Amino acid sequence: MSKQKRFILQEKDIPTKWYNIQAEMPNKPLPPIHPATKKPLKAEDLAFIFNLECSRQELDAEHVWIDIPEPVLDMYKYYRSTPLVRAYALEEALGTPAHIYFKNESVNPLGSHKVNSALPQCYYCKQEGVTNVTTETGAGQWGAALSYAAKVFGLECAVYQVKISMQQKPYRSSIMRTFGSTVVGSPSMSTRAGKDIITRDPTHTGSLGTAISEAVELASTTPNCKYTLGSVLNHVSLHQTIIGLEAEKQMEMAGEYPDMVIACFGGGSNFGGIAFPFMRHNFTGERHTEFIAAEPASCPKLTRGRFEYDFGDEAGYTPLLPMFTLGHDFKPANIHAGGLRYHGAGMIVSQLIKDGFMYGVDIPQLETFEAGLLFSRTEGIIPAPESCHAIAATIREALKCKETGEEKVILFNLSGHGLIDMSAYDQYINGDLRNYQLTDEDLEKGLARVPHII
Ligand SMILES: *Cc1c(COP(=O)(O)O)cnc(C)c1O
């Protein structure tokens with residue numbers, strides 16, 4: 001008898017609109033500001049590097065529901081709906097009375113949730129006459145998703161990949177090149193920003209911050225080329241709400257409603273994607289769901305960062321964003337969850353934390369792989385090292401339920417599979433991985449260079 005129970009939506013029930021949480025948040029996020037003028041940004045300012053439609057969505061605090069364009073919906077149907085799964089075998093292994101569900105965003109051919117935003121971003125670029133897109137990528141999931149989406153909509157794509165991740169996960173560069181993209185390790189000598197970083201620190205192994213600087217520079221110096229971002233920004237989380245909107249219908253099919261929603265946290269897009277559609281019922285007071293974002297102990301912006309205006313990138317090219325940050329040149333340890341090695345938290349989530357609608361937990365690397373192994377051995381899916389953070393946080397909560405006897409309903413997002421990350425699993429199994437503990441002095445160093453605007 002099958003121990004897994006899966007809930008899948010029929011094509012006609014796949015949501016046709018995204019949920020724009022900005023329009024319903026009790027307190028709006030502070031505006032992003034221009035680094036030189038210190039004035040709030042307008043959509044036209046953002047459209048200097050982003051396509052215009054995403055620039056508008058970024059600042060839209062008015063429209064609650066935003067139509068998913070027909071060609072994007074058609075592409076979503078290649079892999080959506082994604083299954084909602086009741087993880088009976090995991091529950092049994094933990095001996096917990098909790099009901100554990102996961103939304104499986106690993107089932108598309110790119111292997112992570114990132115394609116949910118890559119498709120609309122490339123579609124809007126095409127609509128607006130853009131010919132080239134560029135971006136940064138860490139572990140490579142965003143670069144892979146964008147490479148595919150660029151091909152779908154007939155765009156050329158150049159990706160700056162964090163150098164250390166390129167070495168740790170060589171197959172992701174292969175995937176990007178298979179879809180026709182150009183891939184460059186960052187920091188590189190191909191941009192002003194890259195040269196400056198290498199001159200300061202010749203052994204720099206790269207970070208999302210360095211790669212963003214390089215991609216932004218390429219976009220702002222190349223005609224018809226737009227920059228795209230796979231996380232952090234409001235419009236990316238908006239596109240990802242397809243995850244939570246489907247999950248809401250699927251939980252209804254299961255006859256339950258989550259007491260807790262959990263996701264791993266890099267820049268917040270898969271978290272926002274699964275959490276925001278449920279959170280709207282907390283705003284009205286109709287539900288009291290707990291929302292937990294799981295971050296690495298080695299990159300703890302939610303739990304140990306500071307709320308400040310900071311740059312989104314290492315060189316300081318981006319607008320200043322109001323967010324929990326560790327400082328824009330914070331260099332996280334080389335943990336395997338490459339997608340979670342980012343210094344800042346994004347504007348919406350940072351406001352939601354301040355307002356008490358959600359909170360972060362930080363998890364050491366070894367605990368995440370222990371969780372990943374248990375999940376693999378019970379549910380048969382090898383999770384991405386990033387997703388292992390969500391699983392570890394879920395296991396912590398499920399074990400608390402075991403102590404108290406509470407039958408809580410826990411929903412977590414399985415943001416991706418780990419089949420391109422097997423060297424990380426090998427290292428864990430061989431006992432070669434370790435935890436990284438950050439001291440308060442380490443944190444102060446990064447925070448000292450945040451431009452103090454608040
Ligand atoms: C990129 C990525 C993340 C982290 O990014 P968020 O924007 O925080 O979701 C998490 N999991 C996977 C599999 C990823 O590819």
Side-chain angles (χ1 to χ4, degrees), residues 82 102-118 121 135-148 159 161-162 165 168-169 172 175-176 207-208 211-212 228-244 261-276 291-296 299-302 312 323-324 332 335-350 358 360 363 368 371-372 375 381-393 412-421 424:
T82 63
F102 64 92
K103 178 75 167 154
N104 189 353
E105 287 296 309
S106 81
V107 292
N108 71 72
L110 286 310
S112 85
H113 67 286
K114 295 263 178 16
V115 70
N116 298 332
S117 184
Q121 291 196 43
T135 196
E136 80 298 327
T137 196
Q141 290 103 325
W142 171 243
L146 189 74
S147 299
Y148 162 71
V159 181
Q161 183 172 21
V162 177
S165 302
Q168 283 175 342
K169 297 162 204 281
R172 285 248 168 63
I175 293 174
M176 291 182 252
S207 65
L208 286 170
I212 294 174
T228 66
L229 192 57
S231 183
V232 186
L233 292 180
N234 303 341
H235 66 269
V236 186
S237 298
L238 170 73
H239 304 154
Q240 294 296 352
T241 57
I242 186 79
I243 303 173
V261 175
I262 299 177
C264 67
F265 196 98
S269 77
N270 93 91
F271 174 85
I274 193 156
F276 294 169
F291 296 93
I292 306 177
E295 64 182 0
C299 194
K301 62 247 178 187
L302 303 177
M323 60 181 177
F324 282 91
I335 56 163
H336 280 276
L340 308 187
R341 294 173 76 245
Y342 184 68
H343 67 273
M347 299 180 276
I348 293 176
V349 163
S350 296
M358 55 170 287
I363 305 187
T368 68
F375 186 78
I381 303 166
I382 299 178
E386 291 86 358
S387 316
C388 288
H389 290 70
I391 300 171
F412 78 87
N413 193 40
L414 184 72
S415 53
H417 71 66
L419 294 176
I420 314 286
D421 304 277

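We count ligands from 1, going down the list as the structure has it; atoms in each ligand are counted the same way. Since the model is a prediction, treat every value here as computed from it, not as a measurement.
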Report all protein residues having a heavy-atom distance below 4.0 Å to some atom of ligand 1; order the list by chain, then number.
->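 Contacting ligand 1 under 4.0 Å are S112, H113, K114, Q141, S231, C264, F265, G266, G267, G268, S269, N270, G339, L340, A384, E386, S415, G416.
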Run through I274, L414, I243 and flag the one making a side chain to side chain contact (heavy atoms under 4.5 Å, CB included) with E105.
-> I243
Run the numbers on V236 and Q121 for side-chain contact (heavy atoms from CB on, under 4.5 Å), then give the verdict.
-> CA-CA 9 Å; V236 186; Q121 291 196 43; 3.8 Å; yes
Side chains of S117 and H239, donor plus acceptor under 3.5 Å = yes
Is it true that a side-chain atom of K114 and a backbone atom of S415 form a donor plus acceptor pair closer than 3.5 Å?
->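 A pair under 3.5 Å: no.
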Between Y342 and F265, is there a donor-acceptor pair closer than 3.5 Å when you use the side chain of the first and the backbone of the second?
->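 Pair absent, no side-chain N/O of Y342 close to backbone of F265.
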Might you work through the side-chain contact (heavy atoms from CB on, under 4.5 Å) test for V162 and L208, ending with a clear yes or no?
-> CA-CA 6 Å; V162 177; L208 286 170; 4.1 Å; yes
